[in-house]
Amino acid sequence: MLERYCGFPVPVEPVLVFVGVTDLKVVATQLSVRVYRELEVAALAPLSGVLTVEQVEQVYGVARHRQAWSQVPPAAT
């Protein structure tokens, strides 16, 4: 959906973040979904992403508009 409105591929990877857990065991079969504890999320900050800063801002803007999530595409102007 986002790609239609952004005009570029928007890669998405499923992530679960657990807050307030003391013990978290990740089973190898869960590798298609990344699993983190809340403190581990901060460690992701130094990683370089696949989108530019401008693209991230555009995705954020598009994601906040209801029309982007409806089944009806916007009218052409």
Side-chain angles (χ1 to χ4, degrees):
M1 260 316 161
L2 289 174
E3 294 175 356
R4 180 186 331 160
Y5 293 90
C6 290
F8 53 85
V10 181
V12 177
E13 293 184 29
V15 174
L16 292 173
V17 178
F18 291 88
V19 177
V21 297
T22 55
D23 186 36
L24 180 63
K25 294 179 184 178
V26 180
V27 180
T29 58
Q30 295 173 333
L31 295 179
S32 63
V33 176
R34 294 178 186 220
V35 179
Y36 299 105
R37 289 182 295 218
E38 66 180 309
L39 296 176
E40 295 171 325
V41 173
L44 299 175
L47 299 177
S48 61
V50 295
L51 300 176
T52 65
V53 172
E54 293 81 16
Q55 288 175 319
V56 170
E57 290 175 2
Q58 185 173 352
V59 169
Y60 179 73
V62 168
R64 293 186 54 166
H65 285 46
R66 253 184 249 167
Q67 191 174 21
W69 298 105
S70 70
Q71 295 298 323
V72 181
T77 55

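Predicted model only: the values in this text are computed from it and were never measured.
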| Straight-line distance of Leu2 CG to Phe8 CZ, nearest 0.5 Å | 8.5 Å
| field | By side chain to side chain contact (heavy atoms under 4.5 Å, CB included) - contacts of Val41 (at least two apart) | value | Val17, Tyr36
| note | Sorted by chain and number, sequence neighbours left out, side chain to side chain contact (heavy atoms under 4.5 Å, CB included) with Pro14 holds for Val33
| Are Leu16 and Val21 grouped together when hydrophobic residues (ILVMFWY) are joined by side-chain heavy atoms under 4.5 angstrom apart? | yes
| Donor-acceptor pair, Glu3 side chain versus Val10 backbone, under 3.5 Å? | yes
| query | Of the non-hydrogen atoms in Thr52 and Gln55, which two are nearest, and what is the gap between them? | reply | N-OE1, 2.9 Å
| message | Looking at every non-hydrogen atom in both residues, tell me the closest pair between Pro11 and Val50 and how far apart they are. | response | CG-CG2, 3.3 Å
| All pairs passing salt bridge (charged side-chain N to carboxylate O under 4.0 Å, His left out) where residues 35-60 contributes a residue, at least two apart | Arg37-Glu40
